[in-house]
J.: 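I am attaching a structure below and will ask some questions about it afterwards.
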Amino acid sequence: MNSAGKAQPTSGPMIIIAAPSGAGKSSFVERICREMPVLVDTVTYTTRAMRAGESEGQPYHFVTREDFERKISEGFFVEWAHVHTNMYGTPLHQLVDAWRDGKVIIMDVDVQGAATFKAKYPSAVSIFILPPSIEELRRRVTKRDGGAPRDLDVRMKNAEREIALAPGFDHRIINDEFESSYSRFKKLVESIIQGG
Ligand code: 5GP
């Protein structure tokens, strides 16, 4: 980039969203990105198998474990973690590109990712989405996956561990009824962006 070009910020606005799998986090993030064009969702990388209805780039870049490990050694990821039995990682270039374009990044990550991003970017604001109860979470995951997934008990144990970390987040939203919870979530994101 020459001196006439735009300076490339190394850091910018970021909102971190975490929740146990099935709490409704992806629906919140997908919808708010459609409704607020200033927000950019990252397309992270994973070693997990595609689910029905998913494709390359939606919602992840699907790679082999070998590719993923090579990318780690090349310093491609600003953050990566083992989640359940797979690996997930966020490429640094997506953050740099979004900030260069004046966007606000909204990250959908697990609790380890949330902690890493908070440590690397202390001005990031974190939100934890809670299910109304573990029983309701179990019911939603079973419905979403078209039956109880083989690792349902592991996921529910992980969910309890993750929920125990909710008090450490800047904000918490309980997703009991989607429309009203989403509307509280959107108001919160708007106030974060306005610096309130
Ligand atoms: P799923 O496989 O159900 O789509 O996602 C499992 C978990 O991985 C979710 O909590 C999701 O937010 C998290 N996740 C997705 N991408 C990343 C990432 O790049 N880093 C981390 N730490 N977690 C991620």
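Just so you know, ligand 1 is whichever comes first in the structure, and atom 1 is the first atom listed for that ligand.
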J.: Mark up the atoms of ligand 1 that fall under 4.0 Å of a heavy atom belonging to V83, in ascending order.
T.: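 That gives atoms 7 (C), 8 (O) of ligand 1.
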J.: For the 3.5 Å polar cut-off, considering only N or O atoms, please tell me whether R48 and ligand 1 meet it.
T.: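 N/O-N/O distance under 3.5 Å: yes.
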J.: Between NZ of K120 and CG of L92, what distance do you get to the nearest 0.5 Å?
T.: 8.0 Å
J.: Side chain or backbone of D108 under 4.0 Å from ligand 1, or both, or neither, by non-hydrogen atoms?
T.: both
J.: For atom 3 (O) of ligand 1, what is the nearest protein heavy atom, given as residue, atom name and distance?
T.: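 For atom 3 (O) of ligand 1, the nearest protein heavy atom is R51 NH2, 2.9 Å.
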J.: Rounded to the nearest 0.5 Å, what separates atom CG in L95 from atom CZ in R100?
T.: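 So the gap between those two atoms works out to 12.0 Å.
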J.: Is the ring pair F128/F169 parallel, tilted or perpendicular, if the boundaries are 30 and 60 degrees?
T.: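 Perpendicular: the ring planes of F128 and F169 meet at over 60°.
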J.: At a 4.0 Å threshold, what atoms of ligand 1 neighbour a non-hydrogen atom of G89?
T.: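 Answer for ligand 1: 18 (C), 19 (O).
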J.: Is a donor from one side chain sitting under 3.5 angstrom from an acceptor on the other, for T85 and R48?
T.: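 Per modelled atom types, T85 and R48 side chains form no pair under 3.5 Å.
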J.: So which heavy atom in the protein is nearest atom 23 (N) of ligand 1, and how far is it from that ligand atom?
T.: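 Ranking protein heavy atoms by distance from atom 23 (N) of ligand 1, first comes D110 N, 3.2 Å.
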J.: Pick one of side chain, backbone, both or neither for how M107 approaches ligand 1, counting any non-hydrogen atom pair under 4.0 Å.
T.: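 Near ligand 1, M107 shows nothing, with every heavy atom at 4.0 Å or more.
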J.: Minimum heavy-atom separation for I129 to A19, with atom names?
T.: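 Residues I129 and A19, closest heavy atoms: O-CB, 3.2 Å.
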J.: What's the shortest heavy-atom distance between I174 and P132, and which atoms?
T.: CG2-CA, 4.1 Å
J.: Relative to the heavy atoms of T90, which atoms of ligand 1 are at a distance of less than 4.0 Å?
T.: 18 (C), 19 (O)
J.: For atom 1 (P) of ligand 1, which of the options Y60, F117, Y45 provides the nearest non-hydrogen atom?
T.: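 Nearest option to atom 1 (P) of ligand 1, by heavy atoms: Y60.
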J.: Would you please say whether a donor-acceptor pair under 3.5 Å links the side chains of E177 and Y182?
T.: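 No, no side-chain donor-acceptor contact under 3.5 Å.
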J.: Can you name the atoms of ligand 1, numbered from 1 with element, that are less than 4.0 Å from a heavy atom of A81?
T.: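 Result: 22 (N).
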J.: Just by distance, with hydrogens left out, do N158 and R161 show a side-chain donor and acceptor under 3.5 Å apart?
T.: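 There is such a pair (donor and acceptor under 3.5 Å, judged by atom type) between the side chains of N158 and R161.
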J.: If hydrophobic clusters are built by linking Ile, Leu, Val, Met, Phe, Trp and Tyr wherever their side-chain heavy atoms come under 4.5 Å apart, do V154 and M87 end up in the same one?
T.: no
J.: Students should be able to answer this: which protein heavy-atom is nearest to atom 9 (C) of ligand 1, and at what distance?
T.: K25 NZ, 3.5 Å
J.: Just to confirm my output: which protein heavy-atom neighbour is closest to atom 17 (C) of ligand 1, and how far is it?
T.: Y88 CB, 3.4 Å
J.: What residue and heavy atom of the protein are closest to atom 16 (N) of ligand 1, and at what distance?
T.: T44 OG1, 2.9 Å
J.: Between Y88 and F68, is the gap from one ring center to the other below 6.0 Å?
T.: no
J.: Report the nearest protein non-hydrogen atom to atom 20 (N) of ligand 1: residue, atom name, distance rounded to 0.1 Å.
T.: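 Going atom by atom, the protein heavy atom closest to atom 20 (N) of ligand 1 ends up being E79 OE1, 2.8 Å.
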J.: Should you measure from each heavy atom of G113, which atoms of ligand 1 turn up under 4.0 Å away?
T.: 22 (N)
